[in-house]
Amino acid sequence: MGFARACSVALVGVDGVVVEVQADLEPGVATFALVGLPDKTLVESRDRVRAAVVNSGAAWPQKKLTVGLSPASVPKGGAGFDLAVAAAVLGAAEVVDPKVIADLVLIGELGLDGRVRPVRGILPAVLAAAEAGYRQVVVPQQCAAEAMLVPDVSVLGVRSLRQLIAVLTDGEVPEEDPPDPPGRPDPMLAGLVVPGAGLGTGVARDGDGRDFPDLADVAGQHAARRALEVAAAGGHHLFLSGPPGAGKTMLAERIPWILPPLTRQDSLEVTAVHSVAGILPPGEPLVARPPYCAPHHSATMQSLVGGGAGVARPGAVSLAHRGVLFLDEAAEFSTKALDALRQPLEAGHVVIARAAGVVRLPARFLMVLAANPCPCGRHTLHGTGCDCPASVVRRYQARLSGPLLDRVDLRVEVEPVTRSDLLGRGGRGEATMVVAARVREARDRAAARLDGTPWRLNAEVPGHELRTRWPAEAGALAQAERDLERGLLTARGLDRVLRVAWTVADLRSRDRPDALDVAVALELRTGIARGASAHLDAAS
């Protein structure tokens, strides 16, 4: 009788649970039983592991074999357990020393020929192993760079089971031939990227500048530019309303480039989500720029907030974590799907309950909504003949519910581009890098003020803290208080006006918001012109 154990990791959302893989050999008819709540993919590992062991030159034990996955109450799925199962079986058969693999975490899929194939979710799996106290992990060689992002963990990347056996037995490690001639894609990476899983997700990358969207390309739109800068500096949600062709989409596509690069901790969080979702680009183990996610308006509620059969998968709100979620043609989205965003907008995460378990996914994103004022898009234009009846216009605008819009800090009316602006006679606007520098300075001021608190951006600070711990100048909120009494603002709206005022003050390098900062915040919140923007331009 032989017994051995190794370890692997089961992922529940983006959180991992270390699983002990135990192999027991007993005299009897040669069978292979796999227990411990495995799914269909994991049950099929019996055939993959047997073929991989035989084709790697090792003898398959002709005894009664039982492999148990503990804890048995945790659902386990995917092919990432293959390597641990193979190691445990070889340890029980005394091909390798059971003591060597007892505290080793192994993650990877096995091909029938013994090659180790990469799997999704390596980074969150290794993070979970490190948090549980494990310091040695074995992963597919193609995923070694991703696993090495976790500090204080020794990572061994292998291309085949033969190489792993040689390392564990102190033998000569065989060289594996390259899978294909140079220049051809590696078929082993096919399982890492799932087609269609990205929901319009793109990650801004620093390259040679060919794909760099510049704010200077947007003609006119002075008010919308200011709103973009305020949104990026404070993490405020933004609603752009205007006729077709005014530049709403162009403005939204440029927001990721005026956001600062991700911090190390943010990069690890974003990379973990993208790795689990299968949209992490091969060869780029760490996401350094804020992600940009723009799902089509036909997206379902599950695709936005997460879901699916079995254990829930990340949705658009999680794929846009620490980045931008852009909902173009927002009024065309399902009302049920839009209202499902209200909870993650407030909490910064989404909790999804399914029969297979409860998953908590990160969802701290900057939301940008863009919509036409009516189905034909000409309702706000003069002399163009909007054909939509008043009831149709009201019904169309009501698709964006009041509770959802109440969580949006900035609401801007995007005007049609004038001829002088379009032809360049009005002068070019500021470039992205100029605006990005001001945004970075404003965020640094906010970070210094919020140091030692659980918040990092003005949009995250509770209103009570702003009113008591960091009050505005005396009398600065008088106009906002009058709007609250007149019903133009809700209590949540007043708090959000104060948050935006702090961001405007940070952009102006002021220690506290004054009446002008609050007036600008009110204009951006209510869409009612109060002349504050003109005074702000004159003061600048």
Side-chain angles (χ1 to χ4, degrees), residues 6-22 34-45 67-85 105-109 118-134 137 139 143 146-147 149-150 153 191-192 194 197 199 265 268-280 301-322 340 343-344 347-364:
C7 295
S8 191
V9 179
L11 288 177
V12 183
V14 294
D15 298 320
V17 178
V18 175
V19 173
E20 189 177 76
V21 181
Q22 303 171 341
L34 183 64
V35 297
L37 207 59
D39 71 349
K40 178 65 174 177
T41 306
L42 187 49
V43 168
E44 293 175 350
S45 69
V67 174
L69 308 175
S70 179
S73 59
V74 177
K76 306 165 192 72
F81 290 88
D82 289 2
L83 203 57
V85 171
V105 176
L106 303 102
I107 308 166
E109 177 185 349
V119 294
R120 302 193 301 272
I122 288 291
L123 178 59
V126 177
L127 282 171
E131 291 175 358
Y134 293 88
V137 298
V139 299
C143 302
E146 183 181 345
L149 296 173
V150 182
V153 173
L192 288 181
V194 180
L199 289 170
Q265 180 61 35
L268 291 177
E269 293 177 4
V270 173
T271 303
V273 175
H274 286 209
S275 178
V276 169
I279 61 173
L280 191 64
M301 182 179 69
Q302 288 76 16
S303 66
L304 285 181
V305 300
V311 178
R313 308 293 293 179
V317 296
S318 297
L319 300 180
H321 180 59
R322 300 297 180 188
Q343 184 260 342
H349 62 266
V350 58
V351 178
I352 306 171
R354 295 290 186 269
V358 178
V359 176
R360 184 182 187 273
L361 299 170
R364 180 72 66 182

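What's counted below: heavy atoms across the whole structure, side chains too, no hydrogens, waters or symmetry copies.
Residues Thr271 and Leu280 have side chains in contact (heavy-atom distance under 4.5 Å, counting atoms from C-beta outward). Taking the side chain as every heavy atom from C-beta outward, Tyr134 and Cys7 approach each other to under 4.5 Å. For the pair Val276/Leu11, a side-chain contact is recorded, criterion being any heavy-atom separation below 4.5 Å from C-beta on. Side-chain contact between Ile107 and Val119: present, with at least one pair of heavy atoms (C-beta onward) separated by less than 4.5 Å. In this structure the side chain of Leu319 never reaches within 4.5 angstrom of the side chain of Val270, judged on heavy atoms. Side-chain contact between Pro362 and Val273 is present, with heavy atoms from C-beta onward closer than 4.5 Å. In this structure, Val43 and Pro38 have side chains that are in contact, with non-hydrogen atoms separated by less than 4.5 Å. Between Val67 and Val21 there is a side-chain heavy-atom pair separated by less than 4.5 Å.
Looking at every heavy atom in both residues, Ala363 comes nearest to Val350 through CB-N, 4.3 Å. Heavy-atom minimum distance, Pro314 versus Leu361: CA-CD1, 3.7 Å. The two atoms that bring Leu34 and Ser45 nearest to each other are CD2-OG, 3.8 Å, heavy atoms only.
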Would you tabulate the side-chain donor-acceptor contacts of residues 71-80 under 3.5 Å, counting partners in other chains and residues two or more places apart, or write 'none'?
residue, atom, partner, partner atom, Å
Lys76, NZ, Gly36, O, 2.7
Lys76, NZ, Pro71, O, 2.7
Lys76, NZ, Val74, O, 2.6

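In this structure, the separation between CE on Met301 and CG on Leu304 is 9.0 Å, given to the nearest 0.5 Å. Atoms CZ and CD1, on Arg313 and Ile352 in that order, are 11.0 Å from each other to the nearest 0.5 Å. Atoms OG1 and CZ, from Thr41 and Phe81 in turn, are 11.5 Å apart once rounded to the nearest 0.5 Å. Atoms OG and NE2, on Ser318 and His274 in that order, are 9.5 Å from each other to the nearest 0.5 Å.
Listed by chain and number, the residues in a side-chain contact (heavy atoms from CB on, under 4.5 Å) with Ala128 are Val9 (sequence neighbours excluded). For Glu109, there are no side chain to side chain donor-acceptor pair (under 3.5 Å) partners, not counting sequence neighbours. In this structure, Glu131 has no side chain to side chain donor-acceptor pair (under 3.5 Å) partners at least two apart in sequence or on a different chain. For Leu127, the side-chain contact (heavy atoms from CB on, under 4.5 Å) partners two or more places apart in sequence, or in a different chain, are Leu123, Val150.
Glu146 and Ser275 share a donor-acceptor pair across their side chains, judged by distance under 3.5 Å alone. With 3.5 Å as the limit, one finds a donor-acceptor pair spanning the side chains of Arg360 and His349.
In this structure, the side chain of Ser8 engages the main chain of Leu106 through a donor-acceptor pair within 3.5 Å.
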Task: Stepwise side chain to side chain contact (heavy atoms under 4.5 Å, CB included) check, Leu69 with Val35 - done: CA-CA 6 Å; Leu69 308 175; Val35 297; over 6 Å; no

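Note on residues 11-21: pairs passing side-chain hydrogen bond (donor to acceptor under 3.5 Å, both in side chains), not counting sequence neighbours, are Arg5-Glu20, Glu20-Gln22.
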